[in-house]
Participant: 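One structure, pasted below without further comment.
These figures come from a predicted structure and were not determined experimentally. All residue numbers in this chain count up from 1 along the given sequence.
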Amino acid sequence: MRLTRKRLCSIFIAVYCLFSLYAAYHVFFGRRRRTPDVPLRGLRKGVVPVRERRSREQSTLRSEEWNPWEEDEKKEQQHRLKTSLQIVNKSTKEKKLFHVQIWGKAAIGLYLWEHIFEGLLEPTDVTAQWREGNSVVGRTHYSFITGPAVVPGYFSVDVNNVVLVLNGREKAKVFYATQWLLYAQNLVQTQKLQHLAVVLLGNEHCNNEWINQFLKRNGGSVERLFIIYDSPWINDMDVFQWPLGVATYRNFPVVEVNWSMLHNERPYLCNFVGTVYENSSRQALMKILKQDGNDKLCWVSAREQCSWTEGRNLEITYFIFGEGNGTPLQYSCLENPMDGGAWWQPQETNESLKNYQDALLQSDLTLCPAGVNTECYRIYEACSYGSVPVVEDVMTAGSCGNSSVYLNAPLQLLKSMNAPFIFIKNWKELPAILEKEKTINLEEKIQRRKRLLHWYQHFKTELKMRFTNILESSFLKNNKN
């Protein structure tokens, strides 16, 4: 009996000791191992653990015992969240704060919007009466409107900052542009607008005195002027150079680069599609191309300037794809059955556009002789297809080139951005260029195309950022003043 009692006591004591050891282990080791795991599961699953639903005193005691920095960490996390929200809100407010609307009243506005800003327009129908689009660059929100329905006084003006895109190349265009400037200036004077800038397709001889009175420095309302061609007014302070771009008024498209454009062998060394003016360098170019049969290796589609047979020239404005002058019609020289003379027939077609695009796509080089001005649409259209422009680097007649920034040199915007073109002073240099072209293998040509297309994309992106920075620094600065 005594033995049985002794055994029972021993068992009881042993169980008591084991229980005590288990309890001690649970208190001193179990919590330490499990504590870090609780908040992680809570954060991961989004569910509050059972232990966290216990009394506040126990939770506080556990935090103070095992994680003394928890409160500081929570405060820091809350501070970071608050700061992030403030930054997002501030950024959103800044973007909404600065809104610029572009009124596209010249075809060069489409080059600005669709090619440089890579913006879209609704509706997509190019013949629509009203088209519009939106784009955000940095903290500036741009809206763009264009079409025949955009008429002074016949649409609502609910913005403070406007960029007006105008054509000032010819007298008729200047009259139309002047009406727009008078309308915009009146809006500024009546405080319906705060700031005004202009993108201007200038005269090819750089005779743009008509707009001088509208510049702010002369008492007008135009704070910043972006002008096409090498105007002597360019000073990079309130007058800036802008590119001519592609002929959007002839529906030249935004070209998407594809594999075949980069890698396919092109069957022609060069191309020239254009009109040959009398007593121009283009006549010399045609003679040089015929030397050594080079005209057979290039895509050449040239036409002579037409004239009547009655002893007087036919005074007419015309263009061919790639030209920078004239009205939006293509003309061909035909025989007049009435008097045996020549006359011009408009024949702008989808087929003629496709033929021109094929010439660019299938040629390694695009010949760009000077016209009325050195800069022409052909330069930018060639870049779109990876065909290297061969540019006649000469000053044309007129007032262009003698600016305070650039001294008597054409195409300074392109040169300042290191355009990877071939510049020549005389077409007599062309045979040597073509001979060298024959020795270049396909891989080298592929790399050259990639460099050209990459440069052209960078060129447009850089212009977009410059344009935005100029407007922001001007308009916002004046707002503060």
Side-chain angles (χ1 to χ4, degrees), residues 108 110-120 135 137 228 241-248 250-274 298-299 321-324 353-369 374-393 411-424 433-434 436-468:
I108 57 168
L110 294 178
Y111 181 71
L112 182 154
W113 186 253
E114 295 182 324
H115 293 252
I116 293 179
F117 276 74
E118 298 180 319
L120 300 176
S135 180
V137 181
I228 293 171
Q241 190 168 7
W242 193 251
L244 178 63
V246 303
T248 54
R250 295 197 303 270
N251 297 325
F252 192 90
V254 176
V255 180
E256 297 292 336
V257 178
N258 54 45
W259 188 92
S260 61
M261 183 187 296
L262 286 172
H263 296 88
N264 281 2
E265 186 83 51
R266 300 192 177 189
Y268 298 98
L269 288 181
C270 67
N271 77 80
F272 173 73
V273 180
C298 295
W299 183 315
F321 285 116
E323 294 302 301
L353 173 60
K354 185 180 183 304
N355 287 338
Y356 177 61
Q357 290 175 299
D358 288 342
L360 298 173
L361 182 60
Q362 296 183 37
S363 305
D364 290 310
L365 307 177
T366 294
L367 307 182
C368 303
T374 310
E375 188 174 10
C376 62
Y377 296 117
R378 186 184 287 108
I379 294 173
Y380 302 92
E381 292 162 350
C383 289
S384 299
Y385 282 95
S387 182
V388 179
V390 180
V391 181
E392 186 179 11
D393 187 18
L411 306 174
Q412 281 304 305
L413 177 61
L414 293 169
K415 291 176 181 176
S416 68
M417 296 185 69
N418 302 312
F421 303 164
I422 299 174
F423 293 97
I424 64 174
I433 292 172
L434 296 180
K436 181 180 178 181
E437 194 68 20
K438 296 174 185 177
T439 66
I440 301 176
N441 61 43
L442 178 59
E443 184 57 35
E444 291 174 315
K445 290 180 180 179
I446 290 172
Q447 295 306 314
R448 184 176 65 182
R449 289 173 203 163
K450 289 180 178 179
R451 286 193 299 271
L452 175 61
L453 289 165
H454 181 269
W455 173 86
Y456 187 47
Q457 182 59 46
H458 170 74
F459 171 76
K460 292 183 289 185
T461 302
E462 180 67 18
L463 284 175
K464 176 173 64 177
M465 298 312 300
R466 284 188 190 182
F467 185 81
T468 300

Participant: For atom NE2 of His454, decide whether the heavy atoms of other residues, nucleotides or ligands shown that lie under 6.0 angstrom number more than 12.
Facilitator: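 At most 12 heavy atoms, drawn from other residues, nucleotides or ligands, come within 6.0 Å of this atom.
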Participant: Would you indicate whether Cys368 and Cys376 have their SG atoms under 2.5 Å apart?
Facilitator: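 The sulfur gammas are not closer than 2.5 Å, so no.
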Participant: Other residues, nucleotides and ligands only: do more than 12 of their heavy atoms fall within 6.0 Å of CD on Glu256?
Facilitator: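 At most 12 heavy atoms, drawn from other residues, nucleotides or ligands, come within 6.0 Å of this atom.
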Participant: In this structure, are over 12 heavy atoms from other groups packed under 6.0 Å from Lys436 atom NZ?
Facilitator: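 No, because the 6.0 Å sphere around NZ of Lys436 holds 12 heavy atoms or fewer from other groups.
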Participant: Ring centroids only, cut at 6.0 angstrom: are Trp455 and Phe421 within range, meaning strictly under it?
Facilitator: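 Ring-ring flag for Trp455/Phe421: true, centres closer than 6.0 Å.
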Participant: To the nearest 0.5 angstrom, please state how far the CD atom of Gln412 sits from the CD atom of Gln241.
Facilitator: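 Reported value, rounded in 0.5 Å steps: 7.5 Å.
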Participant: State, with a plain yes or no, whether a side-chain heavy atom of Phe459 is found less than 4.5 Å away from one of Pro243.
Facilitator: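 A side-chain contact exists here, since the closest heavy-atom pair is under 4.5 Å.
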Participant: Look up atom CD1 in Ile446 and atom CD in Glu265, then write down how far apart they are to the nearest 0.5 Å.
Facilitator: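 The CD1 atom of Ile446 sits 8.5 Å away from the CD atom of Glu265.
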Participant: Would you name the heavy atoms of Arg449 and Arg266 that are closest together and state the gap between them?
Facilitator: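 Closest heavy-atom pair between Arg449 and Arg266: NH2-CG, 3.3 Å.
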Participant: Under 3.5 Å, side chain of Glu381 to main-chain N/O of Ala247, donor-acceptor pair present?
Facilitator: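 A pair under 3.5 Å: yes.
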Participant: Within the structure provided, determine whether Pro389 and Cys383 are in side-chain contact (heavy-atom separation under 4.5 Å).
Facilitator: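 Yes - at least one pair of side-chain heavy atoms lies under 4.5 Å apart.
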Participant: For the atom pair CG (Leu367) and CD1 (Ile433), what is the distance rounded to the nearest 0.5 Å?
Facilitator: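 The CD1 atom of Ile433 is 9.0 Å from CG of Leu367, to the nearest 0.5 Å.
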Participant: Work out which heavy atom in Ser384 is nearest to a heavy atom in Leu453; give both atom names and the distance.
Facilitator: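 Where Ser384 meets Leu453 most closely, the heavy atoms are O-CD2, 3.8 Å.
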Participant: Which distance, rounded to the nearest 0.5 Å, do you find between the OH of Tyr377 and the OG1 of Thr248?
Facilitator: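 Answer rounded to 0.5 Å: 7.0 Å.
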Participant: Below 4.5 Å, heavy atoms only, C-beta onward: do Leu353 and Arg250 meet side chain to side chain?
Facilitator: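 They are not in contact (no side-chain heavy atoms under 4.5 Å apart), so the answer is no.
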Participant: Would you say that Ile116 contacts Trp242 through its side chain, given a criterion of any heavy-atom pair below 4.5 Å between the two side chains?
Facilitator: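 Yes. Closest side-chain heavy atoms under 4.5 Å.
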Participant: Go through it in stages, so that I can follow the logic: the residues are Val257 and Gln457, the test is side chain to side chain contact (heavy atoms under 4.5 Å, CB included), and I'd like the CA-CA distance, side-chain angles, deciding distance and then a yes or no.
Facilitator: CA-CA 11 Å; Val257 178; Gln457 182 59 46; over 6 Å; no
Participant: So, Tyr380 versus Glu375: side-chain donor-acceptor pair below 3.5 Å or not?
Facilitator: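 Yes, Glu375 and Tyr380 have a side-chain donor paired with an acceptor closer than 3.5 Å.
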Participant: Measure the spacing between CG of Asp393 and CG of Leu411 and express it to the nearest 0.5 Å.
Facilitator: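 Atom-to-atom, Asp393:CG and Leu411:CG are 6.5 Å apart.
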Participant: Do Gln357 and Pro253 have side chains that get closer than 4.5 Å, going by heavy atoms?
Facilitator: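 Result yes, sub-4.5 Å side-chain heavy-atom pair found.
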Participant: Provide the closest heavy-atom pair for Leu269 versus Leu434 in the form atom of the first, atom of the second, distance.
Facilitator: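 Smallest interatomic distance, heavy atoms only, reads CD1-O, 4.1 Å.
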Participant: I would like to know whether Leu365 and Tyr268 meet side chain to side chain contact (heavy atoms under 4.5 Å, CB included); could you show each step before the answer?
Facilitator: CA-CA 8 Å; Leu365 307 177; Tyr268 298 98; over 6 Å; no
Participant: Do Tyr111 and Leu244 touch side chain to side chain, with heavy atoms closer than 4.5 Å?
Facilitator: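 A side-chain contact is absent here, since even the closest heavy-atom pair is not under 4.5 Å.
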Participant: Heavy atoms, side chains only, cut-off 4.5 Å: are Ser387 and Leu361 in contact?
Facilitator: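 A side-chain contact is absent here, since even the closest heavy-atom pair is not under 4.5 Å.
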Participant: Can you name the closest pair of heavy atoms from Arg448 and Ile440 and give their distance?
Facilitator: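 Minimum heavy-atom contact is NH1-CD1, 3.8 Å.
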Participant: If I take atom CZ from residue Phe117 and atom CG from residue Leu463, how far apart are they, to the nearest 0.5 angstrom?
Facilitator: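 The CZ atom of Phe117 sits 9.5 Å away from the CG atom of Leu463.
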Participant: Considering all heavy atoms of both residues, which atom of His115 and which atom of Lys460 are nearest to each other, and what is their separation?
Facilitator: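 For His115 and Lys460, the tightest heavy-atom pair comes out as O-CD, 3.5 Å.
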Participant: Whether the side chain of Ser416 engages the backbone of Leu413 through a donor-acceptor N/O pair (distance < 3.5 Å, no angle test) should be reported.
Facilitator: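 Yes.
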Participant: Return yes when atom CG of Leu120 has more than 12 non-hydrogen atoms of other residues, nucleotides or ligands closer than 6.0 Å, and no otherwise.
Facilitator: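 No, CG of Leu120 has 12 or fewer neighbouring heavy atoms, counting only those of other groups under 6.0 Å.
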Participant: Show the nearest heavy-atom pair for residues Val137 and Lys464, with the distance to one decimal.
Facilitator: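 Closest heavy-atom pair between Val137 and Lys464: CG2-CD, 3.9 Å.
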Participant: Where do Ile379 and Leu414 land on the side chain to side chain contact (heavy atoms under 4.5 Å, CB included) test, with the steps shown first?
Facilitator: CA-CA 10 Å; Ile379 294 173; Leu414 293 169; 4.2 Å; yes
Participant: Using atom types as modelled and distance alone, determine if a side-chain donor or acceptor of Gln447 lies under 3.5 Å from a backbone N or O of Glu444.
Facilitator: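 The answer is no, because no donor-acceptor pair under 3.5 Å joins these two groups.
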Participant: Side chains of Tyr385 and Gln362, heavy atoms from C-beta outward: is any pair under 4.5 Å?
Facilitator: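 They are not in side-chain contact.
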